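Below is one structure, written out as structure tokens; the observations come after it.
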Amino acid sequence: MAHLTLVQAINLALAQEMERDERVVILGEDVGINGGVFRVTEGLVQRFGEHRVQNTPLDESGIIGVSIGLAMAGMRPIPEIQFEGFLGPAYDQLVNHAARYRNRTRGAITIPLTLRVPVGGGIHAPELHSDSPEAIYTHSPGLKVVMPSTPRDAKGLLISAIRDPDPVIFFEPKRVYRSFREEVPEDEYTIPIGQAKVVNEGDDVTVVTWGASVFQCLEAMDNLPEDVSIELIDLRTIDPIDTDTIAASVEKTGRCVIVHEAPLTCGLGAELSARIQEQCFLHLEAPVQRVTGFDTVMPYYKLELEYLPNAERIGKGIRECLAY
Amino acid sequence: MAHLTLVQAINLALAQEMERDERVVILGEDVGINGGVFRVTEGLVQRFGEHRVQNTPLDESGIIGVSIGLAMAGMRPIPEIQFEGFLGPAYDQLVNHAARYRNRTRGAITIPLTLRVPVGGGIHAPELHSDSPEAIYTHSPGLKVVMPSTPRDAKGLLISAIRDPDPVIFFEPKRVYRSFREEVPEDEYTIPIGQAKVVNEGDDVTVVTWGASVFQCLEAMDNLPEDVSIELIDLRTIDPIDTDTIAASVEKTGRCVIVHEAPLTCGLGAELSARIQEQCFLHLEAPVQRVTGFDTVMPYYKLELEYLPNAERIGKGIRECLAY
Amino acid sequence: MPRTTVYKASIDYLQILDEDGVLDESLGMEDGRPILSDEQVMYLYEQMWIGRELDEIAFKLQRSGRMGTYPQNKGQEANGAGSGFAMKKGVDYIVPAYRENITMHMHGLPYHYILLHWMGDERGNKIPEGVLTTPISVPIGTHMLHAVGIAWSFKLRGERERCVITYFGDGATSEGDFHGAMNFASTLSVPLIFYCQNNQWAISVPHEQQMNSPTVAQKALAYEMPTIQVDGNDVFAVYKATRDARAHCVENCAPYFIEGVTYRLGDHTTADDARRYRSEEEVAQWAAKDPLIRTRKYLESREVWSDERQLELEGRAKKIVQEIVAAAEGIEPPVSDDMFVHMFAELDDDLRRQCETLRTSSIGQNPDQAGLKAEHQNA
Amino acid sequence: MPRTTVYKASIDYLQILDEDGVLDESLGMEDGRPILSDEQVMYLYEQMWIGRELDEIAFKLQRSGRMGTYPQNKGQEANGAGSGFAMKKGVDYIVPAYRENITMHMHGLPYHYILLHWMGDERGNKIPEGVLTTPISVPIGTHMLHAVGIAWSFKLRGERERCVITYFGDGATSEGDFHGAMNFASTLSVPLIFYCQNNQWAISVPHEQQMNSPTVAQKALAYEMPTIQVDGNDVFAVYKATRDARAHCVENCAPYFIEGVTYRLGDHTTADDARRYRSEEEVAQWAAKDPLIRTRKYLESREVWSDERQLELEGRAKKIVQEIVAAAEGIEPPVSDDMFVHMFAELDDDLRRQCETLRTSSIGQNPDQAGLKAEHQNA
Ligand SMILES: Cc1ncc(C[n+]2csc(CCOP(=O)(O)OP(=O)(O)O)c2C)c(N)n1
Ligand SMILES: Cc1ncc(C[n+]2csc(CCOP(=O)(O)OP(=O)(O)O)c2C)c(N)n1
Ligand SMILES: [Mg+2]
Ligand SMILES: [Mg+2]
């Protein structure tokens, strides 16, 4: 077991999968000698060579489109897009091609690619470097969407993603990249895609979140009176949604608060709220509460902490939900 | 008053606004002499000249990007994208540029553009010609999203959109293009963006829908027993959402069914369901019911009518909701 | 070096078989023999003829409501036939747009797959094992990037005898993904032929509204990619250019660009009416350059083709196409499950439930959910 | 016309002021006088110097936590200064990327706006009325399309004396939107100069991994656009090429392409460490071509510049930059309302509520909603 940051855990998973399966190739802007702008692929080009860790031209649509071709021809591409804000130009290739190929060919052609993308706010980055577009890709059939919040989950989920026979978007909350270390097993292991994690058991209210917000929620919980018993769920996988885990918890607590960085309207919180209502209607003692980013453009960094749900706002949401 | 189809009503609105405001220009693939693939811009190039009705190269990102430039320089561009499936390549320019310019410049630069796009299934079109991506753009702050279902609404809403100082996506349900005619006033008139329409008043259950599904809902209502009293709401504007009209209705009926063509998960139905629950929690007698497309890729046309919510499935949803 | 020339380029145009079916011997002969033997030319002529017969029948199928929108290949057949013939079946990969029926068929795809596609049936894309083509691609310009990935996989695995060819129209060159594909292919240096079927129109948008460049071929200069313009209605020129391009690609593990100058003689698709935007004279001019006519003239000049052979071919083509239509129409209707089962290798709970309860529920509501009254469940 | 040449092109390279500050008189003189008067060159030199001083201080601000990520312009100043000088302030429009501080400033943007932008403050983009520049653009390659639209609006309104210039890096040429912008500009024929600052690197990706073409200038051939490569560290060449390009654009209502061959002497941004991927020798080679040094040498050779003047400038620049920093840091902090109020001309109910209840609610819950207990509302 090593004591690793999220960046290191991901790097380790990449190295191990490249070692294990020579069909695995990494491609993207600056992924080579520079190790990516966040250094997640550091050392890999030295170890595996340029043909397996390929710097590409500055063209996100190209990166995904070429990865689709690699995947359909039997490779296991791991493209990197530098920031979630630059998924925009790749949207069409992802949603209309990678996501549809298996279905439109009735299984004849499949696209086993794992797209790695740093996601979310909180690091004082420039414009378009702090968004949270997970709901967009969840609404698009044919993609799996993963967003681990801890090094250990990241390694296990990334290995699952790479071995998955279908396209997976692997969002890496950049705010967590180096924020803490955790024991991560050296050996390969997988964590199944599609399983949420109960971070903390509790009886009064269920809090559902994912990505960096997990830590804001933990902070909020620390600030709440001790007698408030909170069940905290880290979704880990965004799509498919582990509705069972959530529903079981809400049936127990009767209350739910959902926390995410993305804008409120049509965010993933809406889907969770709708599902909880559909499945736990008779158990609900209060409306499902959403504590999210606002329906504004993600602000530049002077205001980003006003925008992102922080411990205070989350605490308020939990109290509001409890008070209903 | 003329008896017009949806196509004709839109064409009339375009002509009148071009007449009225010479900053208005139309651009897109085949919008010129061909009048667009759906003939919506028929006759306009003959009337207003090529400089105001411009055929463009086959590049959706280019069409939107150039429209942004036109808009910031004082013009009133009305770009057309041929089918909603081809919004993909334009996604980045729409969501990351058109939508953000006013806010990122604190109002110094604004983007008054109206993007016209045929939307939805049901016309036996090829692949990628039948999707319903409205939730994607609703989740993206900075865009208004409109989807009229009738000729009269279309004319009034399109004129509002063109005169709106901010970017508007104007979705045209292609299944309705020529499906019926309606009296449409000759004179210019506007219908405010953001106001839903109560198509039918009722007491037992609220049905919320938009676009072509309005007519499937009407058919479903025809097939239900006479003593079931349904309040049918046509959203007309998708973003901003007219929550007040919906909430007022659900407070009265206590039940709600939402119908849309897009996939279930993270569709607009999720947001409406979440909002209804937040606002009408104590009035709800049953979970908000969603009758939608499945979480699959939109199928090719042999199966499209299996995919789209039809009168039978909607009727079933209404009965399920009533039976709860 | 104050004002100096840093870059120079020129592009060739190749025509071998002229509009009257006369072969340019300096270009069309090698080792004293035509580069395509009479048998080969007859094969290609037959393929083109059958392809056009399919077009005619497909048009009628659409008009009589038995098929959806269909794009005819008519007038452009020499591009797909000549280039497809230069590629190695079972070794090379074909990445078509939607006017390469003949190429896909020559590389092993049963023709009824193509009809199935336009009949709104995904099974038309279910490429049989061992057939090396991607399915028809409707969204313009996006598939060339996939071709780059496939070609790159050949390079990565050291499959040095293999090459990819991708087809697209003049309009497609305007998409950003065309640019990306050209740039990736040239910087990664992968064995890929870009074949542009420049048929002068993208629906109603003519060449000069699509691009300012007089040739499409010159677009390759931006990527320092070898490039040539050929008469796309001349099956010899198309064949030779592609054969040589393929040799270049395989030898250098690098891409090549070919512009086939051609013309769509039909409407854009069955949903289009080309009379709205182009003149009869223009169409007539290009009809005179028809690849089928000139290939037949050539065969006649070689004295290997006769009216009887022609009649025999016409009858045979009709029969073949009837069988294709029968195969396409004879398939059992798809079932709703088909929408679901191919979404992922393994379906998640939501999809499984949606698939299973499709008939019993409106979806959105779990049929065995608390509170739902039994009597209404199957209503 | 069997095998003929259908296309020919060549591209020039222009250098006027060499690395030692020596002017090529055949190119740099017109009517017996240098194309830039000594006063003009001094002005440009000062602008470049102040720009570099700003770079230095900006770097320190970032390092001391007073500013976010910042991209230095260092080494590339002649591109923005020479070309910006050739454009007409208040008439032409500037559409920059993020290494054109000097151009934006020369066209009227107070420098502290630029710092504000990198300090994470949208007010840095609130271009004052009458200043004709778009704000700094962080997403690569997307803004050139906007430039096309602006140039087209000039054409549509018959403003025939106006021109647009847009700047971008070598990396940006890989994006699909670059291709789109070039294609739209040339087919629509609009007065727009595409100025590529080819600084050899896109973060850690070198020219040869970015593109296969030896020049960026040749990319314009794909669009039949006039194109030239200039020494981007030579303010004379940059100025002359841009001035002539502008004349061409305005006269013909058509676009023009300029590649400025230059080098980023600093890191990509303050978040980068260029030593990871490029050699000291390479940097040293380019440092010898520094545009500031050679411009100063030229001025000295003209005997209009002295050590005293240099000292004076250095002191003045320091003071100017101090004031800029003070202006940027002196601004009152933004308030949360600022996130909301500029979303639309008129806020919808949701946004208004979110804005108004930001302090009292967690959002998602309407504070005056039924059932919410008063005592918890302001907790
Ligand atoms: C991305 C995209 N945009 C628009 C369309 C609609 N469309 C279908 S074919 C076509 C024209 C294609 O022209 P070209 O590439 O020259 O091919 P051709 O049909 O002439 O063979 C257009 C605009 C599409 N299918 N995909
Ligand atoms: C669409 C997009 N993709 C990726 C990035 C991240 N990024 C910022 S600058 C840069 C390199 C830009 O290179 P170039 O265009 O040559 O400009 P330079 O920085 O060299 O001036 C990259 C990849 C971005 N900002 N936008
Ligand atoms: Mg064409
Ligand atoms: Mg660069």
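Please read all numbers here as calculations on a predicted model, not as lab measurements. Within every chain, numbering begins at 1; the chains are lettered A, B, ... in the order of the sequence lines, protein sequences first and strands thereafter.
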Under a 4.5 Å heavy-atom cut-off, does chain B meet the side chain of [X], its backbone, both or neither?
| X | result |
| --- | --- |
| A/Ala90 | neither |
| A/Glu127 | side chain |
| A/Phe86 | neither |

Taking C-beta and beyond as the side chain, do [X] and [Y] meet within less than 4.5 Å on heavy atoms?
| X | Y | value |
| --- | --- | --- |
| A/Phe281 | B/Val288 | no |
| B/Val297 | A/Arg102 | no |
| B/Thr265 | A/Ile241 | yes |

Response to the item:
Here the pair of heavy atoms bringing A/Glu271 nearest to B/Leu264 is OE1-O, 3.5 Å
Worksheet, complete the sentence: Tightest non-hydrogen contact, residues B/Gly88 and A/Asn96, listed as CA-ND2, 4.2 Å
Flag the one option from [options] with the top tally of heavy-atom pairs under 4.5 Å to chain A.
| options | value |
| --- | --- |
| B/Ile276, B/Asp131, B/Leu87 | B/Asp131 |
| B/Leu272, B/Asp239, B/Leu128, B/Leu268 | B/Leu128 |
| B/Pro299, B/Pro263, B/Gly269, B/Ala262 | B/Pro263 |

Worksheet item: Under the side chain to side chain contact (heavy atoms under 4.5 Å, CB included) criterion, do A/Glu60 and B/Asp92 qualify, and how do the steps go?
Response: CA-CA 11 Å; A/Glu60 290 76 13; B/Asp92 188 55; over 6 Å; no
Practice prompt. Go through B/Tyr324 and A/Leu282 one step at a time and tell me if the side chain to side chain contact (heavy atoms under 4.5 Å, CB included) criterion holds.
Written response: CA-CA 11 Å; B/Tyr324 191 92; A/Leu282 299 177; 3.3 Å; yes
Worksheet item: So, B/Glu278 and A/Arg290, do they make that salt bridge, N to O below 4.0 Å?
Response: yes
Discussion item. Checking an interface table here. Which of residues 132-142 of chain A come within a heavy-atom distance under 4.5 Å of chain B?
Written reply: A/Ser132, A/Ala135, A/Ile136, A/Thr138, A/His139, A/Ser140, A/Pro141
Item to complete: Select, from A/Ala270, A/Gly85, A/Ser61, the one with the greatest count of heavy-atom pairs under 4.5 Å involving chain B.
Response: A/Ala270
